[in-house]
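Down below is the structure, laid out as structure tokens.
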Amino acid sequence: MNTDITASAKPEYPVIDRNPPFTKTVANFNTLDYLRLTTIAGISVTVGYLSGIKPGIRGPSMVTGGLIGVMGGFMYAYQNSAGRLMGFFPNEGEWKGKDEKPKANGSETECYRCGGKWHWANICRVPRHLVELYQASLKNKDPEANFVSDNDFDITHLDVADFFERPEGKIDYLIGDGSVVKED
């Protein structure tokens, strides 16, 4: 089963890491992620306390609700952090581009230097000779190609009639050295 989300959807924002490891994703948590985690855990503790029917089980019920809330809040924060790193959520804070701001449709933009996608001209690594060919192709909108052959050999022309019996009723057979012998 393919678990790579990037195989089925294209990111809308610049991609920082297509497959971020756990430590990088957790290190990328921002203030809003921690606020969401704390809020979900706090609400779960309250619901756990209120769901304890008897006073004797309110404490364990509150702890259980709190643990469930911390796990759920962490998973929600982790999902948002990983989504920003993979380019599926807005990631202006994580993007460290030099001259260019990330565009809303980062995957649809193309490099002005080489014409490729997924990067911009300031970080383009395409070799210079390929860039020159690409730039030349942009200038000539209607290229014309002509086939020129310098070979002096004749290409054998085969016709449909070559594969059927001759009108006289005789068939040509090839012999090992390529000579043709006609039967009488």
Enter the distance from [X]:[atom1] to [Y]:[atom2] here, rounded to the nearest 0.5 Å.
| X | Y | atom1 | atom2 | value |
| --- | --- | --- | --- | --- |
| L85 | N19 | CG | CG | 10.5 Å |
| N80 | N91 | CG | CG | 12.5 Å |
| Y34 | F29 | OH | CZ | 6.0 Å |

Tell me which donor-acceptor pairs under 3.5 Å the side chains of residues 60-79 have, and how far apart each pair is, sequence neighbours excluded?
residue	atom	partner	partner atom	Å
S61	OG	G48	O	2.5
S61	OG	S51	OG	3.1
T64	OG1	P60	O	2.9

Next item on the list: Taking all non-hydrogen atoms of both residues into account, name the closest pair between P20 and D17 and its distance.
Entry: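 Looking at all heavy atoms of both residues, the closest pair is CA-OD2, 3.4 Å.
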Item checked: Closest non-hydrogen atom pair, P11 against M86 ->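 Shortest heavy-atom contact: CB-O, 3.5 Å.
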Checklist line | hydrophobic_cluster_shared for F22 and L37, side chain cutoff 4.5 Å | finding: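 Yes, it is one cluster - the side chains of L37 and F22 are joined through contacts under 4.5 Å.
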Notebook entry, point to check: Does Y49 share a hydrophobic cluster with I57, counting links as ILVMFWY side-chain heavy atoms below 4.5 Å and allowing steps through other members?
Noted result: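 Result: no, two separate clusters.
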Check: By side chain to side chain donor-acceptor pair (under 3.5 Å), which residues pair with T25, not counting sequence neighbours?
Finding: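 Not a single residue meets the side chain to side chain donor-acceptor pair (under 3.5 Å) criterion with T25.
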Next item on the list: For the pair R84 (side chain) and N28 (backbone), establish whether a donor and an acceptor sit closer than 3.5 Å, ignoring hydrogens and angles.
Entry: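 Yes; at least one donor-acceptor contact below 3.5 Å.
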Next item on the list: Could you tell me which residues satisfy side chain to side chain contact (heavy atoms under 4.5 Å, CB included) with T39, sequence neighbours excluded, listed by chain and number?
Entry: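 Result, side chain to side chain contact (heavy atoms under 4.5 Å, CB included) vs T39: L35, I43.
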